[in-house]
Amino acid sequence: MTEMPNPSFFARSALEVAPDLIGFEITLGGAGGIIVETEAYLPDDPASHSFRGPSQRNASMFGPPATSYVYLIYGMHWCLNAVCLPGSAVLIRALEPTSGIDEMMARRGRPDVRQLCSGPGKLAQALGISGEHDGLALLSPPFSLRQGRTGLPLATGPRIGITRASDLPWRFGAAGSPYLSRRFHPEAKISPGGRIG
DNA sequence: GGGGAGATTATCT
DNA sequence: GATAATCTCCCCG
């Protein structure tokens, strides 16, 4: 029950992996938590960094599945992705903090647990993620990924903060979790631990 | 508790 | 030179 996922877990469309990652626990150097929010980015997706093909920044997105893709946004925030099939990735958007909480609070400079990992930039800062963590294997130290919780009620909605393809409901999360970057609309709830379609 | 401004820089046009 | 998968602070009500 607390096993690492098989590498083939990530050798699928990001659209399948993104909802399946909800409930997994990810840590870096012992700090991290339960994944409660993700977004999918695909190769033919205008909002994806891979849309115009490989480049220096997005090289990791074309590497093997289960690789990290870390990039800097707005000149100051790092974001962590899990690479799936080539050119696709899942943005890890929010965690429910479970381990290394004191350490994460120190990195964030805030005592509020709800503000530790409730956003892609926040969780990267809390876990100490930066450019040096780009292109690493997510299933090997210093990262760890394991099944945490099962049966979480799943919600979907439009992705956040993008200008292109902003209507697609490719954001996934644990409905009602207090650790989301933003709430989902109530009717966006899918099914307890269910699959997407 | 919601809306808006500003921060700050790698990457690509 | 414009853009960007964000966050925080400040103001308003």
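By convention in this document, chain letters (A, B, ...) are assigned in the order of the sequence lines, proteins followed by strands, and residues within each chain are numbered from 1. Please read all numbers here as calculations on a predicted model, not as lab measurements.
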Straight-line distance of A:I22 CD1 to A:T150 OG1, nearest 0.5 Å | 13.5 Å

Should A:S60 and A:D134 be marked as a side-chain hydrogen bond (donor to acceptor under 3.5 Å, both in side chains) after you check the CA-CA gap, both sets of side-chain angles, and the distance that decides it?
-> CA-CA 7 Å; A:S60 296; A:D134 178 45; 2.9 Å; yes

For a quick test of your reading: what N or O donor-acceptor pairs under 3.5 Å do the side chains of residues 70-88 of chain A make, sequence neighbours left out?
from  : atom 1 : to    : atom 2 : distance (Å)
A:N81 : ND2    : A:Y69 : O      : 3.2
A:S88 : OG     : A:L85 : N      : 3.2
A:S88 : OG     : A:L85 : O      : 2.7

First and last nucleotide of DNA chain B touching chain A, 5' to 3', heavy-atom cut-off 4.0 Å?
-> B:dA7 to B:dT13

Which part of the nucleic acid does A:R108 contact within heavy-atom distance under 4.0 Å: base, sugar-phosphate only, or nothing?
-> sugar-phosphate

For the pair A:R110 and A:Q115, evaluate side-chain hydrogen bond (donor to acceptor under 3.5 Å, both in side chains) and give the outcome as yes or no after the intermediate values.
-> CA-CA 7 Å; A:R110 269 155 207 287; A:Q115 294 297 309; over 6 Å; no

Identify whether any heavy atom of A:L91 sits under 4.0 Å from a base atom; if not, whether one sits that close to sugar-phosphate; answer base, sugar-phosphate or nothing.
-> base

What does A:R183 touch in the nucleic acid at a heavy-atom separation under 4.0 angstrom: a base, only the sugar-phosphate, or nothing?
-> nothing

Taking OP1 and OP2 of C:dA5, is either one under 4.0 Å from a side-chain nitrogen or oxygen of A:S48?
-> no

NZ or CZ of A:R171 within 45° of A:F184 ring axis and under 6.0 Å = yes

What pairs with A:R12 under side-chain contact (heavy atoms from CB on, under 4.5 Å), at least two apart in sequence or on another chain?
-> A:F9, A:E16, A:V17, A:D20

For the student: nearest non-hydrogen atoms of A:G32 and A:M104, plus distance | O-CE, 3.6 Å

Straight-line distance of A:Q147 CD to A:I34 CD1, nearest 0.5 Å = 8.5 Å

Nucleic acid contacts of residues 74-83 of chain A, taken as heavy-atom distances under 4.0 Å to DNA chain B = A:Y74, A:G75, A:M76

Can you tell me the distance, in whole Å, between the CZ atom of A:R182 and the C1' atom of C:dT6?
-> 12 Å

Residues from residues 55-73 of chain A sitting under 4.0 Å of DNA chain B, heavy atoms only?
-> A:S55, A:Q56, A:R57

May I ask you to list the residues of residues 115-128 of chain A, by number, that have any heavy atom positioned under 4.0 Å from an atom of DNA chain B?
-> none

Within less than 4.0 Å of OP1 or OP2 of C:dC7, is there a side-chain N or O belonging to A:R110?
-> no

Search all heavy atoms of A:A18 against all heavy atoms of A:F172 and return the closest pair with its distance.
-> CB-CD1, 3.6 Å

Nearest whole angstrom, please: distance from the P of C:dA5 to the CZ of A:F51.
-> 13 Å

Does A:E96 come within less than 4.0 Å of A:R149, counting only side-chain N to carboxylate O?
-> yes

Salt-bridge test for A:E39 and A:R159: reply yes if a basic N is under 4.0 Å from a carboxylate O, no otherwise.
-> no

Specify the separation, in whole Å, of atom CD1 of A:I92 and atom C1' of C:dT6.
-> 16 Å

Test item: side-chain donor near acceptor, A:T27 and A:S99, under 3.5 Å | no

So what's B:dA10 paired with, Watson-Crick or G-U wobble, going by both distances under 3.5 Å?
-> C:dT3

Give the intermediate values and the outcome of side-chain hydrogen bond (donor to acceptor under 3.5 Å, both in side chains) for residues A:R93 and A:T38.
-> CA-CA 5 Å; A:R93 287 194 55 90; A:T38 60; over 6 Å; no

A:Q125 versus A:R108, side-chain donor and acceptor atoms under 3.5 Å | yes

